[in-house]
Q: 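Next up is a structure, given as structure tokens.
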Amino acid sequence: MIVDCHTHIDWPGKEGQGLAERLAEQEQVDKCFVLAGPGESAEKINRQLSEFINKYPAKMVGFGFADPVKDWGKKTVSHLKEKMGLKGIVLYCSVCDFHPGHTRAMRLYEAAQEAGIVVFIHNGGHKGVSGSLKYAQPYLLDEIASEFKDLKIIIGNMGHPFVYQTLAVVANHPNVYADLTVRVDRPWQLYTTVIAAYEAELLDKLLFGSGYPCGDAAASIEALLGFNKRLGDTNLPAVPRDELRKIVERDSAALLGVD
């Protein structure tokens with residue numbers, strides 16, 4: 001089973017290019033977590049996402065957009081799950097400029113935990129949509145993971161540029177995972193991130209992602225499995241290929257209970 005835990009059907013600068021159709025046609029992965037992008041109208045964004053994922057229920061897992069500070073009520077979570085068929089919520093704390101531990105956000109986490117909804121924290125990783133770095137730091141999730149121990153949380157993009165904070169939070173909480181979005185155009189970033197996770201013995205907490213449409217699943221898989229080839233005759237440490245394959249073949253949907 002290959003699950004791409006980080007995809008979008010719309011993204012700034014990528015509009016109008018048949019993104020949804022191309023994602024549906026990809027044969028390299030068995031399932032995709034499709035994350036709604038940030039915007040002014042969560043209702044409109046989530047309705048469009050719901051219409052898409054319900055065309056491909058066996059392959060697509062939808063994560064609806066929520067801004068708990070501006071546009072959210074307690075019934076939002078149950079509506080996303082029961083009426084729209086979405087299995088998760090994606091929060092853009094930095095882009096939407098709110099602290100992850102904001103009082104209203106904490107109420108959302110409580111409702112998500114009760115409903116069995118997964119929370120994806122999408123901060124940083126892409127030029128122009130990173131927002132305020134003060135709210136993008138993964139250590140801010142430590143309190144949330146402690147408070148809601150049954151809430152599954154994914155830290156997107158490995159929390160870049162705060163990778164070591166991400167690893168610390170992941171190591172500290174069984175309910176927190178990290179999205180290893182493989183950026184083929186950033187080989188050194190990929191190397192240092194994977195090595196850091198390997199040395200921390202946390203490769204089992206990494207979920208494979210491509211970042212589509214900014215990335216491609218086939219190219220991302222090739223880059224990860226060919227990780228050690230880039231080292232050549234250097235003395236840089238390598239990672240066992242079997243461990244890299246486990247990341248690619250991890251059934252993230254079953255692991256998070258959204259299959």
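For the single chain, residues carry numbers from 1 onward in sequence order.
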Q: Check whether Asp30 reaches the backbone of Val3 with its side chain - one donor and one acceptor, N or O, closer than 3.5 Å.
A: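 It does not hold such a pair.
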Q: Is any side-chain N of the basic residue among Glu243 and Lys246 closer than 4.0 Å to the acidic one's carboxylate O?
A: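 Yes, charged N to carboxylate O under 4.0 Å.
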Q: Would the number of heavy atoms belonging to other residues, nucleotides or ligands and lying under 6.0 Å from CD of Glu43 be above 12?
A: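 No.
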Q: For Tyr164, does the OH atom sit with more than 12 other heavy atoms under 6.0 Å from it, leaving out its own atoms?
A: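 No, the 6.0 Å shell around OH holds no more than 12 heavy atoms from other groups.
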Q: Does the side chain of Val176 reach to within under 4.5 Å of the side chain of Ile155, using non-hydrogen atoms?
A: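 Side-chain contact under 4.5 Å: yes.
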Q: Under the ring pair (Phe, Tyr, Trp, His ring centres under 6.0 Å) rule, what do Phe227 and Tyr191 come out as? Steps first, then yes or no, please.
A: CA-CA 7 Å; Phe227 181 86; Tyr191 175 76; 5.4 Å; yes
Q: For the atom pair SG (Cys93) and NZ (Lys134), what is the distance rounded to the nearest 0.5 Å?
A: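 Answer for the SG-NZ pair, Cys93 versus Lys134, is 13.0 Å.
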Q: Ignoring hydrogens and geometry, is there a side-chain-to-backbone donor-acceptor pair from His173 to Asn175 under 3.5 Å?
A: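 Answer holds: no.
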Q: Side chain to side chain donor-acceptor pair (under 3.5 Å) for His160 and Asn123? Distances and angles first, verdict last.
A: CA-CA 8 Å; His160 278 291; Asn123 287 335; over 6 Å; no
Q: Taking ring pair (Phe, Tyr, Trp, His ring centres under 6.0 Å) as the cut-off, I'd like each qualifying pair that reaches into residues 236-259, sequence neighbours left out, listed once.
A: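 Those involving residues 236-259 do not exist here.
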Q: Considering non-hydrogen atoms only, spot the tightest contact between Val169 and Pro138 and give its length.
A: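 That closest heavy-atom pairing would be CG2-O, 3.4 Å.
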Q: Within the side chain of Thr192, is there an N or O that forms a donor-acceptor pair under 3.5 Å with the backbone of Trp188?
A: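 Flag set: sc Thr192 to bb Trp188 pair under 3.5 Å.
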Q: Restricting to non-hydrogen atoms, name the atom on Gly85 and the atom on Ile53 that form the minimum distance, rounded to 0.1 Å.
A: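 So the minimum-distance heavy-atom pair works out to O-CD1, 3.5 Å.
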Q: May I ask you to decide if the ring planes of His6 and His8 are parallel, tilted or perpendicular, using 30° and 60° as cut-offs?
A: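 Because their plane-to-plane angle is over 60°, the rings of His6 and His8 count as perpendicular.
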Q: If we check side chain to side chain contact (heavy atoms under 4.5 Å, CB included) with Tyr177, which of these qualifies: Ile153, Leu206, Val118, Leu207?
A: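 Passing option: Leu207.
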Q: Look up atom CG in Leu141 and atom OG1 in Thr166, then write down how far apart they are to the nearest 0.5 Å.
A: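 Result: 8.0 Å between the selected atoms.
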Q: Parallel, tilted or perpendicular for Phe120 and Phe63, by the 30°/60° rule?
A: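 Rings of Phe120 and Phe63: perpendicular, as their planes differ by over 60°.
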Q: What pairs with Glu222 under side-chain contact (heavy atoms from CB on, under 4.5 Å), at least two apart in sequence or on another chain?
A: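 None.
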Q: Please check if the number of heavy atoms outside Asp185 that lie under 6.0 Å from its CG is greater than 12.
A: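 More than 12 within 6.0 Å, yes.
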Q: If the test is side chain to side chain contact (heavy atoms under 4.5 Å, CB included), which one of Val90, Val61, Ile9 qualifies with Val34?
A: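 Passing option: Ile9.
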Q: Please evaluate residues Ile144 and Met106 with respect to the criterion side-chain contact (heavy atoms from CB on, under 4.5 Å), reporting the C-alpha separation (whole Å), side-chain torsions for both, the decisive distance (0.1 Å), and the verdict.
A: CA-CA 7 Å; Ile144 297 158; Met106 296 296 276; 3.8 Å; yes
Q: Does Gln113 use its side chain to pair, donor to acceptor, with the backbone of Asp150 at less than 3.5 Å?
A: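 Yes, Gln113 side chain to Asp150 backbone: donor-acceptor pair under 3.5 Å.
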Q: Using the side-chain hydrogen bond (donor to acceptor under 3.5 Å, both in side chains) rule, collect all pairs that involve residues 199-221, keeping only residues at least two apart or in two chains.
A: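 Non-adjacent pairs meeting side-chain hydrogen bond (donor to acceptor under 3.5 Å, both in side chains): Asp4-Ser210.
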